[in-house]
Amino acid sequence: MSEKYWVPAIERTNLVIGLIAKEPGKYRLIDLSKALNINKSTMFSLLNTLETLGWIIKDHGDTYTLGPTLGGYSAAYFRKFNLLELFHKEAAKSVKVIDETIQMGTFHGTNIVYLAKQENDSRVRLMSDPGMQLPAHATAIGKIQLTQYSYDEFQKLYANKDLEQCTPYTVKDKEVLWQHIEAAKVAGYTCEEQEAALGFNCVAAPIYNHENKLIYGISFTMMENNWETKKQKAIEEIIDLAARLSTLAGHVS
């Protein structure tokens, strides 16, 4: 990364946290100052701030260990892997019912990022793989995640942004997109028909955490020629899967 955008204070914080994590209960202020070649005044301010924020704790011998705030961050980091494992386990059951591929994604800016995929036995592979991004407005997963916003928040999110046209069927108008979002809020699911990719339709539902915050979207994706015969059953199954994963997400939180 360019030094132009480097923040020395964050680098120093990272060094301090790293040293304390490596040998908790060993280092005092003076020890950290000498080990990292940071003057005592700067180190005092840094340690005092970290202690106030709960990133570190000062023990009785004036040595430091990691604090509860970092413990919470660590737990949150590893929870996502637990949920991914749960996704594959539960999604596999739903794939057997509908025989179509299920994907899970999260919101990023005005895009969605695909996190996981549970495929059916079809030879037809979806173009979207974990790590890939698509415009939220063009996908069912994206539209269902937009339901977490109020109209004012939605307007700010898309201020000075045009809706990219992935196919001729992609929604073009922001007010029409908002109508889709409002309908999804009421129904608890949303569909998109060939808006992200020609020949493919999707139905998505939301996953909530223990605080009832929308964290992910999951969707069935199927070819247009299967849509009419499987649509209703897929809607019911994706809603049920989302409810199961929301319950499990609460348990791993």
Side-chain angles (χ1 to χ4, degrees), residues 1-87 104-116 130-133 136 145-146 148-150 152-161 206-217 245-246 248-253:
M1 178 178 288
S2 170
E3 292 185 4
K4 176 182 178 182
Y5 301 105
W6 196 256
V7 182
I10 295 178
E11 180 185 22
R12 287 195 294 269
T13 300
N14 184 61
L15 292 171
V16 170
I17 293 294
L19 204 54
I20 293 173
K22 186 176 181 181
E23 296 184 89
K26 176 180 178 179
Y27 295 97
R28 299 169 299 162
L29 184 155
I30 188 66
D31 301 321
L32 291 166
S33 177
K34 290 179 179 178
L36 298 174
N37 196 29
I38 299 173
N39 70 64
K40 288 190 291 185
S41 175
T42 299
M43 181 62 73
F44 175 82
S45 297
L46 197 158
L47 292 173
N48 184 64
T49 301
L50 291 176
E51 189 176 1
T52 301
L53 293 173
W55 286 33
I56 60 174
I57 295 173
K58 184 191 286 186
D59 291 332
H60 296 302
D62 289 336
T63 60
Y64 292 91
T65 59
L66 298 184
T69 299
L70 287 180
Y73 293 160
S74 176
Y77 177 76
F78 285 106
R79 274 201 302 273
K80 69 180 181 180
F81 297 106
N82 291 338
L83 189 57
L84 287 179
E85 291 178 6
L86 292 169
F87 164 80
M104 181 167 74
T106 190
F107 206 63
H108 179 65
T110 55
N111 289 343
I112 60 109
V113 180
Y114 290 100
L115 300 175
M132 183 177 178
Q133 297 190 32
Q145 290 183 93
L146 284 167
Q148 65 188 289
Y149 297 111
S150 68
D152 287 343
E153 290 170 333
F154 167 78
Q155 290 283 55
K156 290 178 182 178
L157 189 64
Y158 281 94
N160 303 316
K161 288 182 179 289
I207 300 174
Y208 296 91
N209 66 8
H210 67 291
E211 297 176 330
N212 203 36
K213 180 181 177 182
L214 200 162
I215 51 175
Y216 302 115
L245 289 173
S246 293
L248 292 169
H251 289 167
V252 299
S253 296

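Keep in mind that what you see is a predicted model, and the values were worked out from it rather than measured. Computed from heavy atoms alone, side chains included, the values below leave out hydrogens, waters and symmetry copies.
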Output, in order, the C-alpha distance, side-chain angles, deciding distance and verdict of side-chain contact (heavy atoms from CB on, under 4.5 Å) for L83 and Y216.
-> CA-CA 10 Å; L83 189 57; Y216 302 115; 3.1 Å; yes
Minimum heavy-atom distance between [X] and [Y], given as atom pair plus value:
X: V16; Y: L32; value: CG1-CD1, 4.5 Å
X: G67; Y: I57; value: CA-CG1, 3.8 Å
X: T63; Y: G25; value: OG1-O, 3.3 Å
X: P206; Y: S246; value: O-OG, 3.9 Å
X: L50; Y: I17; value: CD1-CD1, 4.2 Å
X: R12; Y: L46; value: CB-CD1, 3.9 Å

Could you check L29 against K58 for side-chain contact (heavy atoms from CB on, under 4.5 Å), going step by step and ending with a plain yes or no?
-> CA-CA 10 Å; L29 184 155; K58 184 191 286 186; over 6 Å; no
Give, for atom [atom1] of [X] and atom [atom2] of [Y], the distance between the pair rounded to the nearest 0.5 Å.
X: M43; Y: R28; atom1: CE; atom2: CZ; result: 13.0 Å
X: M132; Y: I112; atom1: CE; atom2: CD1; result: 9.0 Å
X: L245; Y: N209; atom1: CG; atom2: CG; result: 13.0 Å
X: I20; Y: W55; atom1: CD1; atom2: CH2; result: 11.5 Å
X: T49; Y: F44; atom1: OG1; atom2: CZ; result: 9.5 Å
X: N48; Y: L53; atom1: CG; atom2: CG; result: 9.5 Å

Within a reach of under 6.0 Å around CG of N37, are more than 12 heavy atoms found that belong to other residues, nucleotides or ligands?
-> no
Contact check, side chains of D31 and L19, non-hydrogen atoms, under 4.5 Å | no
Give a yes or no answer on whether the side chain of [X] reaches the backbone of [Y] with a donor-acceptor pair at less than 3.5 Å.
X: S33; Y: I38; value: yes
X: D59; Y: D62; value: no
X: Q145; Y: F107; value: yes

Passes side-chain contact (heavy atoms from CB on, under 4.5 Å), L146 versus Y158? Steps please.
-> CA-CA 11 Å; L146 284 167; Y158 281 94; 3.8 Å; yes
